[in-house]
Amino acid sequence: MKLLKSLLKLKLHWQILIAFILAILFGIFFKEQVIYVSWMGDIFLRLLRMIVIPLILSSIISGLVNIGSGGSLGRLGLKTFGYYLTTSTFAIIVGLALVNIIRPGVGMDITSVAVDDSISIERPPISEVFINIVPDNIFHALASNDFLAVIFFALLAGIFISKMDKKNNLILSNFFNAFFELFMKITLFVIKLAPLGIFGLIVKVVAEQEDFGNMVSSLGIFMLTVILGILIHSLITLPLITRFIGKAKPFKHLNNVKTTLITAFSTASSAASLPLNMKETHENSGVSHKITNFTIPIGTTINMDGTAIYISAVVMFIAQAQGAVMGLQEQILILVIALMSSIGTAGVPMASLVIITIVLEVLGLPLELIALVLPVDRILDMFRTTTNVWGDSCCAVVVAKSEGEDLNV
Ligand code: ASP
């Protein structure tokens with residue numbers, strides 16, 4: 001009892017760290033008992049998912065009505081999209097370069113890979129991904145967690161509320177501001193449950209890894225290549241951009257958003273990490289709601305640096321294992337397709353697999369070979385999601401600084 005009381009008195013990030021370590025031990029030593037605790041992770045994820053769509057809708061609309069129409073919106077939009085496209089391109093180049101240097105797939109015996117016929121991944125054609133950004137029914141889009149369509153609608157609504165006459169503009173602005181405040185308050189409550197939720201999620205991931213040793217040895221070099229790319233991007237590229245373009249302190253900011261990053265790691269979902277990211281970037285690093293409400297929800301869906309590294313690395317890895325030669329032209333094609341298709345990826349676990357099948361198809365590589373990376377996908381998903389979320393948060397800082405905001409970082 002005393003121990004519990006002192007645990008509750010600890011700061012949230014210490015509680016999460018302890019939960020994390022305990023979860024790994026529990027997952028290893030009490031595999032059978034995992035079902036008794038993993039429900040906490042499921043409930044935590046459900047709570048996060050429960051708030052994410054209303055939060056995206058209200059934060060973008062309230063962000064836009066507070067920015068107001070006209071020049072400042074266009075400027076913010078341009079900076080945000082410019083940042084996202086540039087960083088994702090850097091990420092893909094790092095991914096491609098590493099796979100070219102390390103060549104993890106060369107000489108791999110793919111005949112021993114049992115192709116799992118049960119994998120059926122729905123693959124919408126890439127043109128459809130873009131057409132579907134425009135919802136044909138906004139209520140359906142909201143109910144089916146269609147992030148891109150909801151963002152599209154929220155952008156339209158925010159822009160046109162700003163153009164309404166004063167009386168009605170005020171009613172709707174107040175409504176969406178209040179709506180946003182409500183969901184941020186619920187977010188604060190959910191965050192308090194993070195240590196229990198993260199414990200439940202990590203226990204399950206650890207217990208589900210059948211054979212760590214085997215996994216690490218057969219796909220180890222590939223895993224290391226991806227993790228190296230992710231580390232280079234997260235700890236060198238993004239901090240350099242934050243430092244020199246944003247004129248901010250990247251590692252202080254990293255420390256400020258650590259609960260968000262641990263949540264991204266544990267949930268493997270950028271969407272689930274969105275509420276925390278908005279809270280910590282605003283409260284700890286001092287970015288205004290005006291900027292976080294615009295950059296972070298949009299980044300959650302369209303900016304996926306870790307995913308971009310992963311997609312390019314997997315495709316090259318599969319090509320190498322197949323013995324297919326990927327020249328400069330093909331690699332430029334991979335870059336363009338990975339960039340375009342990562343915009344349409346939802347921030348949910350294992351969403352990249354869908355995109356990878358699209359890229360493989362375009363390049364004429366066998367889709368079944370995706371089975372090669374399936375055993376390590378979940379683990380790598382944790383790393384890439386953390387980078388995805390970190391990239392969004394850095395964008396908020398860079399854009400805020402460029403707008404002259406006075407931050408704590
Ligand atoms: N899980 C990733 C995210 O939510 C997407 C992916 O790469 O599968 O950001």
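In each ligand, atom 1 is the first atom listed, and ligand 1 is the first ligand listed. Note that the structure is a prediction, hence the values are computed from the model and not measured.
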Element-labelled atoms of ligand 1 that are located less than 4.0 Å from some non-hydrogen atom of Ser269: 4 (O)
Considering heavy atoms of the protein only, find what lies nearest to atom 9 (O) of ligand 1 and give residue, atom and distance to 0.1 Å. Ser270 OG, 2.3 Å
Tell me whether the count of non-hydrogen atoms from other residues, nucleotides or ligands lying under 6.0 Å of CZ in Phe160 goes above 12. no
min-distance protein heavy atom vs atom 1 (N) of ligand 1 -> Asp381 OD1, 2.7 Å
Thr307 neighbourhood, listing ligand 1 atoms whose heavy-atom distance to it stays under 4.0 Å: 5 (C), 6 (C), 7 (O)
Would you check if the distance from the ring center of Phe180 to the ring center of Phe176 is below 6.0 Å? no
Here the atoms of ligand 1 under 4.0 Å from any heavy atom belonging to Ala268 are 1 (N), 4 (O)
Can you label the angle between the Phe265 ring and the Phe383 ring as parallel, tilted or perpendicular, going by 30° and 60°? perpendicular
Would one find more than 12 heavy atoms of other residues, nucleotides or ligands at under 6.0 Å from atom CZ of Arg46? no
Aromatic ring proximity Phe199/Phe26, centre distance under 6.0 Å: yes
Atom 7 (O) of ligand 1 sits nearest the protein heavy atom Ser352 OG, 2.4 Å
